[in-house]
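For clarity, every value in this text was computed on a predicted model and none was experimentally measured. Side chains are part of it too, since the values below use all heavy atoms of this structure and drop only hydrogens, waters and symmetry mates.
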Amino acid sequence: MTFSIKRSIAILQKDYKDVSKNLFVGSSVFMPLVLAALYGRMGVETINEHYLVFNMTFCLVAAYVQCSLIAEEKEKNTLRGLMLSPASTLEILAGKSLLSFIGTILVIAFAAFLTEYKPDNMLVVSIAIALSAIFYIGLGTVLGLVTKSVMEASVVILPFMGIFSFGSMLTVFADKYPILKAAEYMPNTQLINLANEVQNGAGLADVWFNLAVILAWIAVIYVIVVVVYRKRMMD
């Protein structure tokens, strides 16, 4: 079956209407912008402060909005109908992810403007941010598929928000607690490390390891997405 852009766009339009009616989910989009505005007024001095806002955006927009969209479909018993429609798995997943991806990129771009973040190599940082957004959307998809309602999705996302928004801070204690060295390989930590290297003059060839780690996280999360999605089709 060939990929149909029209079907994915139709799903995108439906999701946009659903989000516009859900004020609780929609308001989560503005929380990173409020934080960015506060940081902008106080003055942001380090890359880590910029990326605290960006990683929170990934959690609140890419992951949470995506999770809520999937969970709402299940709550209304419309996800099964979507799965049984002529649309392929790729078309459905792409369509369900478009709104979260576009929203994430727009919020990060506006947040960067508010915090006056201007990376030395925009191309490298843009690639890393786009890949990170894809990972968090996959995470949100998995969580949405295993939850039964938007309210449940709002609770399930909380520990992941803590881990992926503030988990990079655990690396400070890695010398004392060696097990925390694993936090160095989390996607949010790799994104911050990449941004710091770019700020020091690194190019695309210099940050290949950081991008490779993020790509590995993407591969793992989307394998889980496909497995859980197909299981839901069989249920």
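Hydrophobic clustering (ILVMFWY, side-chain heavy atoms < 4.5 Å, transitive): Ile137 and Val226 are in distinct clusters. Linking Ile, Leu, Val, Met, Phe, Trp and Tyr whenever their side-chain heavy atoms come within less than 4.5 Å puts Phe113 and Leu60 in one cluster. By the criterion of side-chain heavy atoms lying less than 4.5 angstrom apart, applied directly or through intervening Ile, Leu, Val, Met, Phe, Trp or Tyr residues, Leu33 is not grouped with Leu38; the two fall into different hydrophobic clusters. No single ILVMFWY cluster, assembled from side-chain heavy atoms under 4.5 Å apart, contains both Leu106 and Val34. Two different hydrophobic clusters hold Val223 and Val220 under the rule that ILVMFWY side chains link at heavy-atom gaps under 4.5 Å.
Taking all atoms of both residues into account, the shortest heavy-atom contact from Ala71 to Val150 is CB-N, 4.0 Å. Summarising the geometry of Val61 relative to Val29, their closest heavy-atom pair is CG2-CA, 4.1 Å, with the distance given to 0.1 Å. For the pair Pro119 and Gln199, the tightest heavy-atom approach, listed with the atom from each and the gap, is CA-OE1, 4.0 Å. Closest of all the heavy-atom pairs between Thr147 and Cys67 is OG1-SG, 4.4 Å. The two residues Pro32 and Thr57 have their closest heavy-atom pair at CB-OG1, 3.2 Å. Between Leu93 and Val225, the shortest heavy-atom distance links the atoms CD1-CG1, 3.9 Å.
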Next on the checklist: Run the side-chain contact (heavy atoms from CB on, under 4.5 Å) test on Leu123 and Leu204 for me, step by step, so that the C-alpha distance in whole Å, both residues' side-chain angles and the decisive distance to 0.1 Å come before the verdict.
Outcome noted: CA-CA 8 Å; Leu123 176 61; Leu204 186 61; 5.6 Å; no
Self-check item: side-chain contact (heavy atoms from CB on, under 4.5 Å) between Leu99 and Leu69, worked out
Solution: CA-CA 10 Å; Leu99 182 63; Leu69 287 172; 4.3 Å; yes
* **Trace of the side-chain contact (heavy atoms from CB on, under 4.5 Å) decision for Asn188 with Phe54** => CA-CA 9 Å; Asn188 52 325; Phe54 298 163; over 6 Å; no
query = Could you walk me through whether Lys231 and Val227 pass the side-chain contact (heavy atoms from CB on, under 4.5 Å) check?
reply = CA-CA 6 Å; Lys231 185 178 184 299; Val227 170; 5.6 Å; no
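A side-chain hydrogen bond (donor to acceptor under 3.5 Å, both in side chains) check over residues 101-119, counting only residues at least two apart or in different chains, returns the pairs His50-Thr115, Tyr51-Tyr117.
Under the 4.5 Å side-chain criterion, counting only non-hydrogen atoms from C-beta, Ile221 is in contact with Val142. Put simply, the side chain of Met161 reaches to within 4.5 Å of the side chain of Leu158, judged on heavy atoms.
Remark: the backbone N or O of Tyr185 is paired with a side-chain donor or acceptor of Trp217 at under 3.5 angstrom. Within the 3.5 Å criterion, the main-chain N or O of Gly203 finds a donor-acceptor partner in the side chain of Asp206. No side-chain donor-acceptor contact under 3.5 Å links Glu73 to the backbone of Ile70. A donor-acceptor pair under 3.5 Å links the side-chain atoms of Gln190 to the main chain of Glu184, judged by distance alone.
In this structure, a donor-acceptor pair under 3.5 Å is absent between the side chains of Ser100 and Tyr64.
Taking the six-membered ring for Trp and the full ring otherwise, Phe164 and Phe58 have centroids separated by 6.0 Å or more.
Summarising the geometry, atom CG belonging to Leu215 is positioned 11.0 Å from atom CG belonging to Asn210; distances are rounded to the nearest 0.5 Å. The distance from the CD atom of Glu152 to the CD1 atom of Ile157 is 12.0 Å, given to the nearest 0.5 Å. Note that CZ of Phe209 and CD1 of Ile214 are 10.5 Å apart. Values are rounded to the nearest 0.5 Å. A distance of 9.5 Å separates CG of Leu131 from CG of Leu191, quoted to the nearest 0.5 Å. In this structure, CG on Asn55 lies 9.5 Å from CG on Asn48, to the nearest 0.5 angstrom. Rounded to the nearest 0.5 Å, atoms CG (Leu143) and OG (Ser154) are 11.5 Å apart.
Counting non-hydrogen atoms of neighbouring residues, nucleotides and ligands closer than 6.0 angstrom, the CE atom of Met31 reaches no more than 12 such neighbours.
Applying the side chain to side chain contact (heavy atoms under 4.5 Å, CB included) test to Leu35 and every residue at least two apart in sequence or in another chain returns Tyr39, Val53, Met56.
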